[in-house]
Novice: 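Handing you this structure, nothing more for now.
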Amino acid sequence: MVSELLEIEVRKALGDYKMENCNVVVSNRPDLCDYQFDGAFRLSKTYKKPPIEIAQEIATSLQSSSCFEKVEAVHPGFVNMTLSSAFINQVLEKMRKNEKFNLPKWEQMETYVIDYGGPNIAKPLHVGHMRPAIVGEAIKRIIAYVGHKVIADVHFGDFGLQIGQVIYGMKSEGISIEEVTLDDLNRIYPQMSKRCKEEAQIKEICENITKELQDGSQEYEAYYQKIFALSKKDIKRIYQYLDVDFDLWYGEMDSRAFIPLVESVLIESSLLHESEGALVVDVEKKEDTKEIPPLIFKKSNGGYLYGSTDMATIYQREKDFHPNYILYVADARQSLHFKQVFRASLKSKITDAKLEHLGFGTINGMDGKPYKTRSGETPKLDDLFKEVEEIFVASKETNASMTEEDKKKIVNAILKFADLQNNREKDYIFDIKKFADVVGKTGPYILYTYLRINKLLKAEPFIEEELSNKIYNEQDRYLRLQLLGFHKAVLDAFKLRLPSTIANYVYDLCVALNTFYQNNRISGLEDAKKKQDWLTILSLANQILKQLFYLLGISIPSMM
Ligand code: ARG
């Protein structure tokens, strides 16, 4: 990484000054310099000297380094660095010649289980389900790219009341297991969910069915199997559309066999105690500033809950994969649930993996409330895909003649890039018109940029050769500097589990590419070396874009 290379230079320049961390960061004033060091402020406290004096000493000493064209100390104590063309090109050469654009290798490969998607069986997928699928898929691809082992598990919600509700609905309508259809499920679930809210008696019946199913009732198991199969098939179809895939298509039900095992561990370690008829695990800690209620492991009617299956699943994952990390991409509003599960699991030592809840925010409409259609419903994903496609097709005459495959890729890019450019923890406003526009920070914009450069590269065949030491103008320099940011974007996305770091980098790189493209004509250039250098840089940029699109789950259409 460039900042690390520069840190080595700064460390050499420190002379007798001692400091642990000498971070060099990308300048936020690109008009003044490329990178900046602000350690003089900290040194000034230790060495009782004005920061500007220290900054001057460091700057003077850095001047001899070939990395820089200019190093300046500026008030009140910053060291501003402008990179030399030779240094920039050297780094670019390494990126060009090495695997993964010379991304640093991890010393140790670790195993990650990533749990994302989490759709609930028997409930139709709606816009809210898109986020965990898109964000989770990107995080999975990023972790694999930096060099770790990742196992993705969809973790269907198939243990809850909705199953009892649908079984009850089928039985009372006289729909048999053989004849039930997906449309029946989509109709019955909302009906029954409404009825259970209104009639306590019905709710109790549904709860009992759920409990009997959990306990292994043969009759209900047959219903469940059919409901699961129908629903899973439809969910898989939608995930396939979204290019989202899993190694494991397990559900909460698959953890059933491990519940008794976890229960005995909890009993053996005296962590389970009775509270109002239920068996619970205390998880509060002294340092808590808010009350953290106990995790309810077993209800008074003997039934198990969301927390119990999550613990059982941890047990199962530990046994199967012995992971170093288990990551959960799940709604930020579930943070208390995960806190309880993680604490109970670590306390009972069913795992020693690091457990992380990667929360995500809500997709809102213009009114700031969860996104609804004009008629006030939560839109189904199928309808949403259709709507996005229609808006995109209507935006330009020639779009209508694109192939179905290309249209699908663009719909994906529109939805994914709109989502992934936001920090996953934040809510965002869903505005299809804006997302589908080819102008702005959008999926169509980044794809269009790639395709435009690709067309140029195809029209101007060239043989790859070493870059010369030159940089030819401002837009050229700016583009090369952007390319140097690749490693930081990827590594930050990995460490922070934030695909937005990559999405934002992709956008910045596209802006630099377009600015370069609009101001510099390549075809017909007489200076052969200059032409060669530029084509090499553009080719590197497009290879990087392609790789990063993949990490974001975005595929490239054949044309636009
Ligand atoms: N099915 C859950 C929901 O709809 C999400 C599951 C998240 N993963 C987990 N292991 N709890 O909210």
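Order of listing sets the numbers, starting from 1, for every ligand and every atom in it. Just so it is clear, the model here is predicted, and its values are computed rather than measured.
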Novice: Run the salt-bridge test on Glu137 and Arg141 with the 4.0 Å N-O cut-off and return the result as yes or no.
Specialist: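 Judged by the 4.0 Å cut-off on N to carboxylate O distance, Glu137 and Arg141 do form a salt bridge.
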
Novice: Within a distance under 4.0 Å of any heavy atom of Gln334, pick out the atoms of ligand 1 and give their elements.
Specialist: 3 (C), 12 (O)

Novice: Can you sort out which atoms of ligand 1 are near His155, meaning under 4.0 Å from one of its heavy atoms?
Specialist: 8 (N), 9 (C), 10 (N)

Novice: Rounded to the nearest 0.5 Å, what separates atom CD in Gln340 from atom CG in Leu336?
Specialist: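 Here the rounded value is 4.0 Å.
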
Novice: So if I count the atoms of ligand 1 from 1 in the order they appear, which ones are less than 4.0 Å from some heavy atom of Phe338?
Specialist: 9 (C), 11 (N)

Novice: Ligand 1 and Gly118, any nitrogen or oxygen pair closer than 3.5 angstrom?
Specialist: yes

Novice: Okay, side chain of Arg317, backbone of Thr351: is any donor-acceptor separation there less than 3.5 Å?
Specialist: no

Novice: Checking a contact table here: which protein heavy atom is nearest atom 4 (O) of ligand 1, and how many Å away?
Specialist: Asn120 ND2, 3.0 Å

Novice: Can a cation-pi geometry be assigned to Lys407 and Phe392, taking NZ or CZ under 6.0 Å from the six-membered ring centre and within 45° of the ring axis?
Specialist: no

Novice: Looking only at heavy atoms of Tyr116, does any of them come nearer than 4.0 Å to an atom of ligand 1?
Specialist: no

Novice: So how far is it from Ile429 CD1 to Ile363 CD1, rounded to the nearest 0.5 Å?
Specialist: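 If I round to the nearest 0.5 Å, the distance is 12.0 Å.
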
Novice: Out of the candidates Phe360, Tyr116, Phe342, only one should pair with Tyr328 under the ring-ring contact (aromatic ring centres under 6.0 Å, His included) rule; please name it.
Specialist: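 For Tyr328, the ring-ring contact (aromatic ring centres under 6.0 Å, His included) check succeeds only for Phe342.
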
Novice: By number and element, which atoms of ligand 1 are closer than 4.0 Å to a non-hydrogen atom of Asp310?
Specialist: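 In order of number, 9 (C), 10 (N), 11 (N).
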
Novice: Output yes when the distance from some N or O of ligand 1 to some N or O of Asp115 is under 3.5 Å, and no in every other case.
Specialist: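 Yes, Asp115 has an N/O under 3.5 Å of an N/O on ligand 1.
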
Novice: More than 12 foreign heavy atoms under 6.0 Å from NE2 of His322: is that the case here?
Specialist: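 No, NE2 of His322 has 12 or fewer neighbouring heavy atoms, counting only those of other groups under 6.0 Å.
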
Novice: Please write down residue, atom name and distance for the protein heavy atom closest to atom 6 (C) of ligand 1.
Specialist: Tyr306 OH, 3.4 Å

Novice: Checking the N or O distance criterion of under 3.5 Å, is ligand 1 in contact with His337?
Specialist: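 No, no N or O pair falls under 3.5 Å.
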
